Every structure is written in structure tokens, then in C-alpha cells.
Amino acid sequence: MYMVKYVIKRIALMFFVLFTIMTMSFVLVKMLPNIDAEQFGKDAALVAQRREMMGYNKPILVQYGIFLKRSILGGDWGMSEALYRMQDVWTVFVSKLPATLMVNVCSIFLSIPIGLLLGIYAALKKNKWQDYTISTLVMVFISVPSFVYAFLIQYILCFKLKLFPLQLKAGTDWFSPAMLKSAVPAILSLSFGSIAGFARYTRAELSEVLTSDFMLLARTKGLTRSQATIRHAMRNSMVPIFPMILGEFVGIMGGSLIIEQIFGVPGVGQLFLNSINGRDYNFFMLLTVFYTLIGLVAGIVVDISYGIVDPRIRMGER
Amino acid sequence: MALKNKTDYTNIPKEKFEFYKRDESIHDKKLETKPVGYFKDAMRRFAKNKSSVIAAYIILALVLFAIFVPVFCENNYTRAASDTTYLQYSKLLPKSSLFAWAGWDGCTDETLSEGDYLRREAIALETGHNPTAKLYESFQDPANDNGTYYKVRTDSYLKNGMIYLTLPESDYLAIQEWQNETGVQVIYPAVDTSSLKIATLKNDANIWYQCTNKGLPKLDKNGNFVPIYKTTGSDNYDSIRIAGDDGSYRYALVGGTSSAKSYQVRVFTYTYFQYRYGHEPSFLFGTNAYGQDILTRLAKAVRFSILLALGVSAINLFIGAIYGAVEGYYGGIIDLTMERISDILNGVPFVVVVTLFQLHLASKVGVVVSFLFAFVLTGWVGMASRVRMQFYRFKNQEYILAARTLGARDSRLMFKHIFPNALGTIITGSILSIPGVIFSESNMTYLGIVNLDSATMSSLGSMLSAGKPLLSTYPHIIFFPALVISLLMISFNLFGNGLRDAFNPSLRGTED
């Protein structure tokens, strides 16, 4: 019961925050100078007519009302004004999702097992040379920005060794072997950082659990070290790790602006960047709402999954 | 005996008593060791963490680099904004006289076609500076019409050879004077281009010999170049002449009006640099695609990054501390309201904030200031929640109650009694936020959402994005900025982690 109430409260709060952010960005975007409607030529009367038709001459709050009714309730986010002239913004956006998802899902499926294994290994070998090596590498890989890996990978693997193409293959066959091969550089450069992140987190959690009293009890009652580790330590250390993984899964929808740009991934991140550079405000608005929503949902998923994983939290013993 | 003594004590005569230590005051023995305070203890434990200390030294080195390199290495060359001569020195490779043995000599290995190879031979013949530092081998390529190819090591500083410059009379005379003083030749004889049929060859300052329409030299019977130097004209040239000049070669094409004459001359880029800037061209980190010195631009970028990060974390510390203190101290409805505000600010994606600030404010207050605003708008939320947690921890302790009973005001309780307890966490938090700021800054400038690039200013991100298209051909342009940003991030993270461990009282004594 506690959990249900908590979830409802969090979701209500999320919509409040989302609504506020949406309002603020709508007002700020509407206050920006508009690009002239070039497709109607330089005919001033036509431009004025179009502005009237688009509702640009109404007060901003009235426009916001129209926007809410059309976009949120009706699902119509308007037409693209600059990037994909006169195409439906929502359709273009949906067509950009697969590329981002493909690269990021691959990256997360690569980094979770490697990261967890490294972290577990380091925690089991705590304060031995294996731990020091892993911890040092983790420190380096967490700190170095992902675009530096991207340059290194592109230079060494793609240019010098010619193992992979420099850019992502064009086309929409997202899971064909050729496409996956051309996505390897992007996936690798995304993965290094998250592998290190998972490893560091797992190591910290597991090594804390390994020193707790119930582990001593488990050994005392006759379990071997590996039995005690797998049955007791692992399960307990997963309590904070599992929500983190879930949060990452929600977060990957947003993609990485910089990696998508370097490897030419035609994804959401690139669309957002182009909408900024091309001053396409309808895209900008949609993607702002999208990114905000992802961030908020990821936060909620993390918090709620704590309750799912850990019965102590579910029963209201916070 | 014992019994006798006992009876004696009861009857000690009064005059036998005397006061003990009557002239000194009596107090506890003074402690012989020095007291160790919280901060001192933290510093002591920090010093034990070797990697953090090394990181601190690396940060110090980078800070010194950022401060002093622009001061000492910035010459006229780097500042040249209106003068576009620097465009002639683009994409030069890193060169250092100290590390020339390690291949840091501004040279690169490449394979040349016969035409390109002979072109460089011509430069070497005319100037005495050979762009081909080393000839490995020449071979016939059967796949390519059996043409002759040369594997060479090329000096990037010499391979551009000559350029045409149009100078006013004063400059023309000044160069001649400088030539006579130093004995270094800058101006080379003018060329009679009438025998050249193609416009690109006519405009190419490196052609001083007869050649075919393909640009290959027409050699004479002995295999020598046939010069086509100009022998008619009216330049007033009385400076160094090249070997083989019998005094008839002309050195400039005179144009302009009689009152303002202009001289079109062929100058050798290498020695012209010497004339302009007083030393031979040598760039430690090379030059970028526009011929700008990477070393000084990098130093300026690092300077900007560090200054921005320090500024942002200081402002965030200030706002976050006050906001978090108010939230945590008063609690209740005030806390709830303020938390919602920070929830909202925290929910806005950073890139959206930066974009909107750039679009709205950059034209009014400048790019840098609006960038700073964007960082500050959402950056303090983390600090505020950290301070708030600390306040929740301390505000119900007995010593606070005692101080309140004695009549201390709220502000005194907040900043005199609670705040110092939270100081360790706050300092650590704001230092750990520095690498985050540097990362976001380079990200935003890389993506071009924020553009700080100008002739005298740069940022890590824009240096990286400028080097990106040349990654395969000129990797040095991207290598040095990437190296420096990696070093910055690693060392600030290590330094911050070391500080965090040192300030964490629960870890006290665990390392020993």
C-alpha cells in the first residue's frame, strides 16, 4: 500500500515538473525571432497570412493552449519548418529512434556484463594487484571523455587498421551484419565509459556487503566462500545496482549527441543538434519535452525499482 | 616502627609545615603533541594518498602551462588577426629541437610522384633548404603506368616553398636591409612566366624553371633545371643574389602608381618567417588548418576551461550553500516549496538550457557570460541538496539546542554552528564538480552550440572539432587537445576523490 501511494505521488510530481518545464521552454522558444517562411517566397502578404494561420499573432498563452491541445492531446507536433521541410515532426522523430536505440542497446548489452564481472572480480580480490589494476583503469576510463575514445577508435581501428568503416552505414536495415559491423566503433566508444561506471559501482557495493556481519554468519554456518558470495553477497549488492541498470536503460533513449555526430548515426541526438543549428523550433520543442521526460522517468524508475528489488523498502521501512 | 610513625604524624609541630609550590600556579600538564584539527587531519590523510598527490601536481603543471604559455610564447605570430600571412604556415607538424631524435622534428614519411619529387628538388636547388629530409628509396609502380615513385621523409616546414607577396616599397626595402644584415635570403628572383602555358603554373611561385604543361620540369642535356628568371624590369634591388646570377636577374615585378609603388616578389616562406618573427618557424605542437599555433591556443583553451570551472563551482557553492541551508534549516513547507523549484530546474536537460541561453542572451551579454549563466542556472541544485542533507543531520543536535537556548539567532545557528560541520563535504562537492564543468564545456563547444573560437581565443571542444576532419591526415591537430582534456579530467577526478576520502571521517584510521 505504501508503495502504491508512493508511486502515484512520484508520478503526479513528475507531470507537474514536466508541465512547468514545458511551459517555460514554450514561452522562451516563442520569444525567439522566427525565421521567415521562405517557401512562400518574399511575398509579404503571403508570409503575413501564413503567420496568422499558424497562430503566431495570438498572445503566447493562447498559443500555448493551442499547442497543448494539439500536441499533448492530439499528438500533432506540427510541421518541420527548416530541416525536413513540411514533413510531420512526429513522423521524422519516430524514424530517428531506431538508429539511436540500436547503437545504445548494443552498447548497454556489451557494458553491463563486462562492467559487472570486472567489478565483482575487483571486489573479490580487494587490495590485491588485480583490484589495483582494475581500479586504476576504471578511474582512467571514467574520466576520459567518450569523444576521446571515439577519436582513438576512429584513428586506430578505422583508419590505420581499416577494420571498420569510418561512419555508420546508410540505410534502415538496423540489425543486418553489415550495419552492426559499421556500428562497432560507435558502440565501443559509448561502452568504455559505462563499463567503467558499472565496474566502479559494483566493486564499491559488493566490497561493502562482503565485509558485513551476515557474511561472517554465512561462513560460520558452513557455506563455502563462493556459496556465501553468490547466495548472500551478490543478491544484496544487487539492491542498488539493479535500479542503476534500469535507469540506464531508460536513459539510452536520449542517445549521445557527440558520439552520434562523430560517427554519423542518424539518430535522435543528431536530430536535436540539427534542430538547434537549423532553428527548427517544432523539433526543438518536441525533443526538449522528450529529453526532459526521459530524465524524469529514469529517476522515477530508479526510485521505484528500489522498492521492487528490496522488500524492506517495499514494506515501508524507509 | 610503623606504629611509632603513626603516632608521630598526629603531633607534627606547626613550624615543620611549609606550603608546596606556593609561588607557582597549579594547572594540568601541557600537551606535548600539537592538537590535530579536522582540516589538518584531512590534509595529512590526503598527503598519504599518492595518486591524488600526483594528480595535484599534474593540475598545478597544467595551471602553470595555462598561465605562462600565453605570456611567454605569444608573439606577433600568434596574435596576427588582420595579417593573413599565417595562412601560409598551416598544418605544420610538431617540431621540437630538444626531442628531434624521437621523431618530433616536423617531418613525415610519404610517397611522392616524380613530379612532386622534382618540385621539391627545385626548391632545394634554389634555396639550399631541402624539403626532402631523407630519401628512402625510389621504385617503379607497375600498377601506375610504371611511373617512378619516391619514398621520402618530408620536412613540413620547407615543403611549401615560395609564395608571391605584394609589398609596398618600404617593406621591400626593409627586407633587403634585413637580408644584408643577416645574410639570409628571403626574396628570390622574379620569373618570366611567358613560356608557361597553364594559369596554375604561372601563379605557382615555386616554378622557376622551364616545364611542360603537366608541371614536370624540362631538363637540359645534363639533367639540370633550365631557369626562366626574368631579366628585364626596373626594380631597385641591390641585396643578396642567388648563385649563377650575373647581375641581370630582376627580383620584383613593379606595379602601382609612381607615388605608391607596389612590388610583387617571390619570397621563401621559411626565411620570410624568420624575417617577420625573428626566429625560424618551429611549433612545439604544430599548427592547425589555419596556421595558428596549437600550443598557445591550447594554453588559452585550458585557461578558459579552468577559469570557467572555478567560477562556476564558486558561484554554485555560494548559491547552493545558502539555498540548501535555508531549505535544511527551516524544513516543512519552505523546504517542500524550495525542493519543487530545484526539482524543476534539475529536470531541464542541460543542452536545452545552454541552447536557450545562447539564443536569447548571447547577443546581449556575450557568449561567455550566457554560457556561465547556463551553468549556474542548474548547477547549484546538486550543491544545495548536499548542504540540505548536512543541515538535516546537524540541526537537531544538542549543541544547536544549547546555542538556541542561549539566544542565538537563526542566521548565527545556520552559518556559525551548523555550516562549519558541513564544510568538508561542501568543499569536496565543489571540487568534484570541476571535471563535470570542463566536460560539459568541451562537449558544448565541440558540438558548436557554444562558439568561442576567434583569432586569439579558443576552447578545448572547438579545437577538437576543428581537428576532427583532419584526423586521418594530420592527427597532431586533434592529439594535443585530446591529451590535455584527458589529463585535466583524470587529474581533477583523482584529486577530488582523494579530498573526499580525506574529508570523510568514517574512513579515518582505516588506511593505517
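In what follows, every chain begins at residue 1, and chains take the letters A, B, ... in the order their sequences are listed. Keep in mind that what you see is a predicted model, and the values were worked out from it rather than measured.
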With respect to chain A, which residue among [options] yields the maximal number of heavy-atom pairs within a distance under 4.5 Å?
options                        : value
B:L464, B:L447, B:T355         : B:L447
B:P349, B:S491, B:A482, B:S472 : B:S472
B:D343, B:N346, B:V351         : B:V351

[X] side chain near [Y] side chain, heavy-atom distance below 4.5 Å:
X      : Y      : result
B:L356 : A:V29  : yes
A:F284 : B:V352 : yes
B:V348 : A:T292 : no
B:I485 : A:V148 : yes
A:I276 : B:Q358 : no
B:M489 : A:I142 : no
A:L13  : B:R340 : yes
B:F439 : A:F147 : yes

Side chain, backbone, both or neither of [X] within contact of chain B (heavy atoms, under 4.5 Å):
X      : answer
A:L273 : side chain
A:F159 : side chain
A:M14  : neither

Check this for me: [X], atom [atom1], are more than 12 non-hydrogen atoms of other residues, nucleotides or ligands nearer than 6.0 Å?
X      : atom1 : result
A:Q130 : CD    : yes
A:D213 : CG    : no
B:M389 : CE    : no
B:R386 : CZ    : yes

For [X], is it the side chain, the backbone, both, or neither that has a heavy atom closer than 4.5 Å to a heavy atom of chain A?
X      : value
B:L471 : both
B:L487 : neither
B:N497 : side chain

Once you round to the nearest 0.5 Å, how far does [atom1] of [X] lie from [atom2] of [Y]?
X      : Y      : atom1 : atom2 : answer
B:F479 : A:F151 : CZ    : CZ    : 13.0 Å
B:S486 : A:Y149 : OG    : OH    : 8.0 Å
A:I258 : B:S465 : CD1   : OG    : 8.5 Å
A:S143 : B:L488 : OG    : CG    : 11.0 Å

*Taking all heavy atoms of A:M139 and all of B:N493, pick out the closest pair and write down the distance.*
CE-CB, 3.2 Å
*Of the listed residues (A:L287, A:I262, A:L293, A:L296), which shares the most heavy-atom pairs with chain B below a 4.5 Å separation?*
A:I262
